[in-house]
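Beneath this line is the structure, given in structure tokens, with notes to follow.
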Amino acid sequence: MIPLKSEKDLEMMRCTGQKLARIIKKLREYIEPSITTLEIDRVADNLIRQENAESAFLGYKGFPAHICTSVNEEVVHGIPSERRLKDCDIVSVDVGINYQGYFADAAITIGIGKVSPSVKKLIEVTKEALMAGVRQARVNNHLYDISHAIQQHVENNGFSVVREFVGHGIGRSLHEEPEIPNFGRPHEGVMLMHGMVLAIEPMVNTGSWECQILDNGWTAVTKDRLFSAHFEHTVAIGDSGPEILTHYN
Ligand code: MG
């Protein structure tokens with residue numbers, strides 16, 4: 001069952017989404033060479049508190065931090081640490097919050113200092129793939145129209161989409177039905193309906209799509225250790241098209 005949101009639910013989710021958008025916008029200003037990922041986590045913790053919200057990740061299945069910070073070949077679920085970011089690194093920052101029982105989830109990937117043109121392209125293509133998926137999040141489309149649009153944009157640019165991790169419905173819980181793969185055939189999957197809210201999140205690898213989980217039990221890395229990027233928005237399906245609840249400039 002995919003939970004459909006009422007107008008009241010959507011009002012609350014807009015509010016949570018805007019809080020998360022402000023958090024991400026402020027957080028990215030801090031991300032520069034020589035910051036550690038643990039320092040990014042501390043800033044995020046403060047920004048989340050300032051919005052009177054809570055981290056949706058801290059303690060989730062035992063996750064030990066407020067946000068996920070995934071560096072270079074790390075795909076998702078990187079744990080903030082004393083690792084210091086340096087020129088040419090990239091970091092994916094994934095932030096989920098809970099405000100008054102409603103969740104929002106978003107992620108961005110940022111290049112540190114001067115990244116190479118090919119890495120810059122990886123980041124751009126991943127961001128574009130998210131928007132290509134978002135554009136398909138409309139009433140009377142099928143779920144995998146989103147998946148297909150993402151996969152097509154990524155593969156047309158010579159990159160690959162991760163198979164092991166997928167997007168998800170979101171609302172009163174961080175993870176609700178449906179699962180949203182970043183690959184699939186168009187015109188398949190459930191029909192999209194007004195009131196569905198989806199966390200759409202392409203994870204894009206430079207080389208092979210295959211991943212491994214590190215010994216910490218959390219961090220996913222690319223099997224070939226090439227770079228990976230991740231963007232995510234929480235999106236409501238409205239009557240007049242997709243509404244990005246976590247939109248920021
Ligand atoms: Mg998510």
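Atoms within each ligand, like the ligands themselves, are counted from 1 in listed order.
Scanning for ring-ring contact (aromatic ring centres under 6.0 Å, His included) contacts around His247 gives an empty result, with sequence neighbours left out. Under the rule for a ring-ring contact (aromatic ring centres under 6.0 Å, His included), Tyr99 has no partner lying at least two apart in sequence or in another chain. Under the side chain to side chain contact (heavy atoms under 4.5 Å, CB included) criterion, Val71 pairs with Thr37, Glu74, Arg83, Leu85, Asp89, Val91, not counting sequence neighbours.
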Kindly determine whether Tyr248 and His233 satisfy ring-ring contact (aromatic ring centres under 6.0 Å, His included), including the steps that lead there. CA-CA 10 Å; Tyr248 51 83; His233 268 309; 5.5 Å; yes

Go through it in stages, so that I can follow the logic: the residues are Glu11 and Lys8, the test is salt bridge (charged side-chain N to carboxylate O under 4.0 Å, His left out), and I'd like the CA-CA distance, side-chain angles, deciding distance and then a yes or no. CA-CA 5 Å; Glu11 254 335 293; Lys8 182 195 164 276; over 6 Å; no

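Excluding water, every protein N/O/S atom under 2.8 Å from the Mg ion (ligand 1) is given here by residue and atom: Asp105 OD2, His168 NE2, Glu201 OE2, Glu232 OE2.
You'll find the ring centres of His175 and Phe103 outside the 6.0 Å limit.
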